Amino acid sequence: MTGTGLAAVLAGARLLPVLTVPSTAAAGPLADALTAGGARCAEVTFRTPGAERVLEEMAAHGGLAVGAGTVLTPEQVERAVAAGARFVVSPGFDEDVVAKCRELGVPVVPGIATATELMRALRAGLDTVKLFPAEALGGLPVLRALAAPFPGMRFVPTGGINVSRLAAYLADPAVLAVGGSWMATSAHLERGDYKDIRRLTGEAVEAVEAVERSMT
């Protein structure tokens with residue numbers, strides 16, 4: 001399964017909310033808020049003890065294609081897929097994680113920061129990678145420089161991106177989707193501010209739609 005599988009899972013969605021959810025009780029209301037704002041997919045990071053349960057509940061919601069993020073080991077891949085993850089995202093390139101995803105038939109998007117890592121992903125048969133941390137690495141100019149020698153590779157830039165930078169990334173033909181946490185931060189979730197999550201998600205979806213209209 002290559003990055004083409006991710007494109008099929010996302011089904012045209014180009015906005016990927018990246019979620020670190022502190023409580024399983026937040027899973028349902030968060031899924032409701034994201035879908036009400038127009039989101040169609042989400043990445044639940046494996047950074048909290050309850051991440052599996054959160055992923056399971058959000059996957060059962062039905063309105064979102066939910067994947068697992070911050071996946072570091074093959075064992076985490078197994079747990080994520082068992083919980084309902086439809087794709088796996090890793091902060092870096094790990095051959096064992098990629099192999100386990102292939103074994104289980106789930107799309108995997110490894111993080112890369114250099115041309116060397118990009119070549120390793122290409123040799124592994126992948127056609128989609130995550131540029132991470134995108135803004136800290138230099139943002140869109142770095143993405144374009146990395147994409148130039150690899151015209152078939154697609155990118156999911158993540159890290160430090162907000163709604164003000166969203167359109168610029170999405171306008172680049174090498175970008176499949178953009179990941180970001182600004183729509184549903186840990187602070188939002190700790191205070192239960194689902195209204196603002198819905199608002200910010202809606203703003204981001206509107207920005208995506210504006211880019212799509214400008215490209216047709």
Side-chain angles (χ1 to χ4, degrees), residues 2-20 34 37-45 64-70 86-93 107-115 117-119 121-122 126-185 188 196-216:
T2 68
T4 303
L6 177 69
V9 170
L10 297 185
R14 304 193 67 201
L15 179 70
L16 180 61
V18 179
L19 314 170
T20 301
L34 290 171
R40 291 186 281 150
C41 59
E43 173 189 330
V44 175
T45 65
L64 296 166
V66 183
T70 321
R86 295 184 59 191
F87 58 92
V88 168
V89 182
S90 181
F93 184 89
V108 57
V109 187
I112 64 96
T114 67
E117 293 168 320
L118 189 51
M119 290 175 69
L122 192 64
L126 302 178
D127 62 13
T128 302
V129 294
K130 176 173 79 165
L131 180 66
F132 178 79
E135 285 290 285
L137 289 170
L140 196 50
V142 169
L143 187 150
R144 287 171 174 160
L146 287 171
F150 308 97
M153 189 64 72
R154 304 295 299 281
F155 293 81
V156 181
T158 307
I161 301 171
N162 57 33
V163 71
S164 69
R165 299 288 296 137
L166 182 60
Y169 277 99
L170 290 175
D172 192 286
V175 173
L176 175 66
V178 172
S181 60
W182 79 90
M183 293 157 281
T185 66
H188 281 119
D196 202 40
I197 291 173
R198 176 177 177 173
R199 178 184 66 82
L200 291 170
T201 303
E203 288 180 356
V205 169
E206 287 177 4
V208 172
E209 291 174 347
V211 173
E212 296 291 337
R213 287 194 298 270
S214 71
M215 296 174 69
T216 57

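In this chain, residues are counted from 1 in sequence order. Only this structure's heavy atoms are used, side chains among them; waters, hydrogens and symmetry mates stay out. Since the structure is predicted, the reported quantities are computational estimates derived from the model, not experimental observations.
- Side-chain contact between Asp127 and Arg154 is absent, with no heavy-atom pair separated by less than 4.5 Å.
- Thr128 contributes no side-chain N or O that, together with a main-chain N or O of Val109, makes up a donor-acceptor pair within less than 3.5 Å.
- Not counting sequence neighbours, the partners of Ala121 by the side-chain contact (heavy atoms from CB on, under 4.5 Å) test are Phe93, Leu126, Val129.
- With a 4.5 Å cut-off on side-chain heavy atoms, Ile112 and Thr114 do not count as touching.
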Next on the checklist: Using side chain to side chain contact (heavy atoms under 4.5 Å, CB included), reason through Val89 and Thr70 one step at a time and then give a plain yes or no.
Outcome noted: CA-CA 6 Å; Val89 182; Thr70 321; over 6 Å; no
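- Atom-to-atom distance recorded for Leu143:CG and Leu137:CG is 10.0 Å, nearest 0.5 angstrom.
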Item to check | Candidate pair Leu19 and Glu43, rule side chain to side chain contact (heavy atoms under 4.5 Å, CB included), full reasoning | outcome: CA-CA 6 Å; Leu19 314 170; Glu43 173 189 330; over 6 Å; no
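- Summarising the geometry, atom CZ belonging to Phe155 is positioned 15.5 Å from atom CZ belonging to Phe132; distances are rounded to the nearest 0.5 Å.
- Contact record, Val142 with Gly138: CG2-CA, 3.7 Å, taken as the closest heavy-atom pair.
- The NZ atom of Lys130 lies 12.0 Å from the CG atom of Leu6; values are rounded to the nearest 0.5 Å.
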Item to check | Evaluation steps, side chain to side chain contact (heavy atoms under 4.5 Å, CB included), between Leu118 and Met153 | outcome: CA-CA 9 Å; Leu118 189 51; Met153 189 64 72; 3.7 Å; yes
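- Evaluation of the side-chain contact (heavy atoms from CB on, under 4.5 Å) rule for Ala39 yields Pro17, Leu34, Leu64, Thr201 as partners, not counting sequence neighbours.
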Contacts table for residues 160-183: side-chain donor-acceptor under 3.5 angstrom, sequence neighbours left out:
unit_1 : atom_1 : unit_2 : atom_2 : d
Asn162 : OD1    : Ser164 : N      : 3.0
Asn162 : OD1    : Ser164 : OG     : 2.5
Asn162 : OD1    : Arg165 : N      : 3.4
Tyr169 : OH     : Glu135 : OE2    : 2.4
Asp172 : OD1    : Ala174 : N      : 2.9
Asp172 : OD2    : Arg144 : NE     : 3.0

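- Sorted by first and then second residue, the side-chain hydrogen bond (donor to acceptor under 3.5 Å, both in side chains) pairs with a member in residues 206-216 read Arg14-Glu212; sequence neighbours excluded.
- The salt bridge (charged side-chain N to carboxylate O under 4.0 Å, His left out) test applied to Glu203 returns Arg199, not counting sequence neighbours.
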